[in-house]
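These notes concern the structure reproduced below.
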Number of protein chains: 2
Amino acid sequence: MKEIKIKDYLFEHGIRPVNKRVKIMNYLVSKRNHPTAEMIYLELVNEIAGLSKTTVYNTLNLFVQEEVVHALNIESNELRYDADISQHGHFKCKECGEVYDFSFNKDLIQDLRLKNFVLKDFQFSINGICSICHQH
Amino acid sequence: MKEIKIKDYLFEHGIRPVNKRVKIMNYLVSKRNHPTAEMIYLELVNEIAGLSKTTVYNTLNLFVQEEVVHALNIESNELRYDADISQHGHFKCKECGEVYDFSFNKDLIQDLRLKNFVLKDFQFSINGICSICHQH
DNA sequence: GTATCTGCAAAACATTTGCAATTCT
DNA sequence: AGAATTGCAAATGTTTTGCAGATAC
């Protein structure tokens, strides 16, 4: 997605597309690497003159609030961010730390205890060993 | 489960069943309320003379390491603990904050991207509105 | 008696907040 | 000009760590 498209996308979701926001969104959309705020800051601080961590946090919180980005609780000590807001789960490899997406069918949750519950946000994370690390 | 049973249970899992550990495990097993470390501390500090938060954390970390308790990433800013180590998910109500268990079948994951992956720990959390809050 | 456990205080760490300066339209 | 955004420094809140004293078996 081009930056001009991202500008439109943010604008359509009620987010003023100021430069730093566009750059951060562009990073999320093009890398698709489920980064932490720290990772985004470290990658962009050289590219964006005078970027601060506060702005990264402000921007990510705005994106989450306006629902163009999901915050992921994959690990307890850090929040990761994902611009893919379609329903999917995340697998994190204990060996290499890589995060992989996977799909699941929520219709297979059939528990009477959730009768008449309104299910809103799904967070499905699995950890283990990925196929690459498993070969060794 | 009686405290004597809990003593045996801890011992069988390689955990020396000292008094404070038995009390903390007993709390988790009898309440089944997915508490935070803070909640456990506040509930037990009156019952156990001179309990400290450090001991609560030490004990919970030991329980997680020895796999008699699961640490839950339901919310990003706090870890919750569950002595029910069977596979199940957690629903948290946005209104009342109550956490409910639900069962799921891991067959709902059908994704070729996880072929040859070793799936170890499952964390499935949903939030939304529970049936009680939804009536109002 | 020796290894383990405990608790205090301090440290670590990610994230949030207050507020003054800057920037955008 | 006026409102929104930014960034610094300080605050917050949870969890961890170092270490000396207490306790368990």
Side-chain angles (χ1 to χ4, degrees), chain A residues 3 6-8 10-11 13-25 27 34-66 68-81 92 97, chain B residues 3-4 6-8 10-25 27 34-66 68-82 97:
Chain A
E3 287 200 7
I6 288 179
K7 256 185 172 158
D8 293 346
L10 292 179
F11 185 77
H13 287 80
I15 298 166
R16 285 173 60 172
V18 295
N19 210 288
K20 292 175 185 181
R21 289 175 181 168
V22 175
K23 287 278 206 301
I24 291 172
M25 191 57 167
Y27 177 83
H34 316 87
T36 61
E38 178 82 11
M39 286 162 72
I40 296 169
Y41 172 73
L42 290 176
E43 291 255 7
L44 294 182
V45 69
N46 296 316
E47 184 182 333
I48 306 174
L51 179 68
S52 77
K53 234 182 245 188
T54 304
T55 298
V56 175
Y57 278 109
N58 285 342
T59 302
L60 291 170
N61 287 341
L62 178 67
F63 286 173
V64 169
Q65 182 193 309
E66 300 302 326
V68 294
V69 158
H70 278 172
L72 313 177
N73 287 319
I74 298 177
E75 213 108 81
S76 62
N77 55 338
E78 64 186 18
L79 225 31
R80 287 169 173 268
Y81 296 89
K92 180 165 182 181
Chain B
E3 288 202 8
I4 183 71
I6 287 179
K7 257 186 171 160
D8 292 347
L10 293 178
F11 185 77
E12 284 159 20
H13 287 81
I15 297 165
R16 284 174 58 174
V18 296
N19 210 288
K20 292 175 185 181
R21 290 175 181 168
V22 175
K23 288 279 207 300
I24 291 172
M25 191 58 167
Y27 177 83
H34 316 86
T36 61
E38 179 81 12
M39 285 163 71
I40 296 169
Y41 172 73
L42 290 176
E43 290 257 6
L44 294 182
V45 68
N46 295 317
E47 183 181 334
I48 307 173
L51 178 69
S52 77
K53 237 182 239 187
T54 304
T55 297
V56 176
Y57 278 109
N58 284 344
T59 302
L60 291 170
N61 287 341
L62 179 66
F63 286 173
V64 170
Q65 182 193 308
E66 299 302 328
V68 294
V69 159
H70 279 172
L72 312 178
N73 288 319
I74 297 177
E75 214 108 80
S76 62
N77 55 339
E78 64 184 20
L79 224 32
R80 287 169 172 269
Y81 295 90
D82 193 350

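Below, read A as the first sequence line, B as the second, and so on, with proteins coming before strands; counting in each chain starts at 1. Heavy atoms only: backbone and side chains are in, while hydrogens, waters and symmetry mates are out.
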What nucleotide, of dT6(C), dT25(C), dT4(C), holds the atom closest to the side chain of R16(B)? dT4(C)
For T54(A), give me all partners under side-chain hydrogen bond (donor to acceptor under 3.5 Å, both in side chains), at least two apart in sequence or on another chain. none
Please state how far atom CG in L72(B) lies from atom C1' in dT15(D), giving the value in whole angstrom units. 16 Å
Whole angstrom value for the distance that separates P of dT4(C) from NZ of K20(B): 18 Å
With sequence neighbours excluded, what pairs up with H34(B) under the ring-ring contact (aromatic ring centres under 6.0 Å, His included) test? H90(B)
Just jot down the salt bridge (Lys or Arg N to Asp or Glu O under 4.0 Å) partners of E43(A), sequence neighbours excluded, or say none. K31(A)
Could you state the CD1-C1' distance from I15(A) to dC24(C), rounded to the nearest angstrom? 17 Å
Scan residues 68-78 of chain A for pairs that pass salt bridge (Lys or Arg N to Asp or Glu O under 4.0 Å), counting only residues two or more places apart or in two chains. E75(A)-K92(A), E78(A)-R80(A), E78(A)-K92(A)
Partners meeting side-chain hydrogen bond (donor to acceptor under 3.5 Å, both in side chains) with Q65(A) (sequence neighbours left out): none
At less than 4.0 Å, is any side-chain N or O atom of R21(A) found next to OP1 or OP2 of dT5(D)? Yes or no. yes
Is the shortest heavy-atom distance from the side chain of R21(B) to the side chain of L62(B) under 4.5 Å? yes
Length of the line joining N73(A):CG and dT14(D):C1', which is rounded to integer Å: 14 Å
Let me know the distance between CD of E75(B) and C1' of dT14(D), rounded to the nearest Å. 14 Å
Show each protein N/O and nucleotides 11-17 of chain C N/O combination with a separation under 3.5 Å, one pair to a line.
{"residue": "dT15(C)", "atom": "OP1", "partner": "L79(A)", "partner atom": "N", "Å": "3.0"}
{"residue": "dT15(C)", "atom": "OP2", "partner": "Y57(A)", "partner atom": "OH", "Å": "2.6"}
{"residue": "dT15(C)", "atom": "O5'", "partner": "Y57(A)", "partner atom": "OH", "Å": "3.4"}
{"residue": "dT16(C)", "atom": "OP2", "partner": "N61(A)", "partner atom": "ND2", "Å": "3.0"}

Which whole-number value in Å describes the distance from Y41(B) OH to dT14(D) P? 14 Å
Gap between atoms CG and C1', on L51(B) and dC5(C) respectively (whole Å): 13 Å
Rounded to the nearest angstrom, tell me the gap between atom CG in L44(A) and atom P in dT6(D). 13 Å
